[in-house]
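First comes the structure, then the notes that go with it.
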Amino acid sequence: MPYDLLIKGGTIVSASDTFIGDLAVVNGKVAAIGKIAESGKKVVDARGKVVLPGGIDAHTHFDMPFMGATTIDDFTTGSTAAIFGGTTSIVDFAIQKKGETFRHALDDWHRRADGKCAVDYGFHMIVTDFPEKQQKEMDRLVDEGVSSFKLFMAYPGIFMSDDTTIFRALLRTRDNGGIICMHAENGSVIDVLIQKAIAEGKTAPEWHALTRPMTAEAEATHRAIALAEMAGVPIYFVHLSAGDAMEEVRAARARGLPVFAETCPQYLYLSEDDYRRPGFEGAKFVMSPPLRPAGNSERLWSGLVRNDLQVVSTDHCSFCMKAGTNQPGKELGKKDFSKIPNGAPGVEYRMLLLWDAVQKGKITENRFVEITSANPAKLFGLYPRKGHLNPGADADIVILDPNKPFTFSLKNHHSAADYNPYEGVTVKGSIRDVFSRGEAMVLDGKWAGKTSHGKFLKRTPRSFN
Ligand code: DUC
Ligand code: ZN
Ligand code: ZN
């Protein structure tokens, strides 16, 4: 019986090994790996190319209403961008509105994604309200495969939770096998700084960064770690941006605490200086936490190498600069930086930006697989189904040409955003082919899939303490 798909002679990279070999797929799963003599119904020549497990982006916001607009990428455009960028699974954020049940919120997000997503998708649940009666519902979500919950220490009046709510949620995840994903910034302090800046007429985009100091992130990170320690449960920090916050994570891990953190490409490749681009261009980079001063990124790179940081996700949260077809854009904040919708596109650029770091010797190719695929799979209940290419795993495969350069541009990206934060940046490497569960999604850089291909990922509860 020939294999459904045979990928021949590529450099296969996992979190632990690099070797030249073949990979066979049957029924959407990896069937064999190594030197394979049998034939395949479809054979792909991967000689001179790199064969990787599909990327897992554990932090996207598709079709999300926020700050007076809805993100311009819905599940179709967002997931198409993901696939072209070598990401085959995402974990997106469903939002519980105040007073709403988790059940209702989850049904809403299922409706947004169902039949419209090219990549496999799971959901985290954003918690804004956690009264007694929601606690059992949280357990039910974990049973349904929604085993992670985002809480905010920022955005007072919208998303921010107080310490009581945070501590209660942490305690509940100790028992139900969920994990809290924390947005750590001291929202109360930031709010005062914003009001003060606006009152003083400081309204330009750079004030977004100047009113969200690194210490506000470090303080919240420290506090959340203390709360998790008292609750006796692991915690995961999303979009960690500040070197000082990372030091808190590092110190906690050195004490043996189960503390984990992701950073994002924007904090590795861009800086606070980008807010000072001419005119209103700095608004492109208004996101929270903000871009940090030059020099901070080198601390994050060291943290990625040392395993102070375990994951790179994107926080893809795209808004147009100008009003889009049906949505207001960042221009909402033209006269007041605090009204600029927070977020930027990222899902399509992550894999190549980080592969470029492999080419430049900043991280090894095995570390690349760990931080883009294996670790998010392990931390978010997708392993061993995803995150590696051993027999039995989903055949989510990226074939990358390490010698063909790629230049990021609005002209070639697939996000609906009207700008590319990395416009004109050239990296060494390009995505040639992408397979999801054995099905071709991109071949030779061209679309070959279906936008309805993605399936809901029922994730397992936390298996670590
Ligand atoms: N940060 C952003 O920049 N956008 C969405 C939410 C968040 O935490
Ligand atoms: Zn956040
Ligand atoms: Zn986010």
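In each ligand, atom 1 is the first atom listed, and ligand 1 is the first ligand listed. Numbers for residues simply follow the sequence, beginning at 1.
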Taking 4.0 angstrom as the limit, do [X] and [Y] come out as a salt bridge?
X    : Y    : value
D396 : K386 : yes
R277 : D274 : yes
E247 : R250 : yes
E272 : R276 : yes

Exercise. Is F152 in contact with ligand 1, taking contact as a heavy-atom separation below 4.0 Å?
Worked result: yes
Below 4.0 Å from any atom of ligand 1, is there a heavy atom belonging to H316? no
Judged by heavy atoms only, the candidate from S318, G343, S288 nearest atom 1 (N) of ligand 1 is S288
Numbered atoms of ligand 1 (with element) below 4.0 Å of [X], judged on heavy atoms:
X    : value
C317 : 4 (N), 5 (C)
M287 : 3 (O)
K150 : 8 (O)
H239 : 8 (O)
H183 : 8 (O)

Residues passing the ring pair (Phe, Tyr, Trp, His ring centres under 6.0 Å) test with H388, sequence neighbours excluded, are Y383
Sequence neighbours excluded, the answer for ring pair (Phe, Tyr, Trp, His ring centres under 6.0 Å) partners of F380 is H124, Y236
Distance filter < 2.8 Å from the Zn ion (ligand 3), protein N/O/S hits 3
Please determine if R212 forms a cation-pi arrangement with Y155, meaning its NZ or CZ atom is less than 6.0 Å from the six-membered ring centre and no more than 45° off the ring axis.
yes
Side chain to side chain contact (heavy atoms under 4.5 Å, CB included) test vs T60 passes for just one of V91, V119, I90, namely I90
Inset, instruction - Spell out, as yes or no, whether a donor-acceptor pair under 3.5 Å connects the side chain of Y349 to the backbone of Y422. - result: no
Residue pairs meeting salt bridge (charged side-chain N to carboxylate O under 4.0 Å, His left out), one or both in residues 406-426, sequence neighbours left out, come to none
shortest atom 4 (N) of ligand 1-to-protein heavy-atom contact is with N342 O, 3.0 Å
Contact region, D315 to ligand 1, non-hydrogen atoms below 4.0 Å, reads side chain
Separation between CG (D315) and OH (Y267), nearest 0.5 Å, reads 6.0 Å
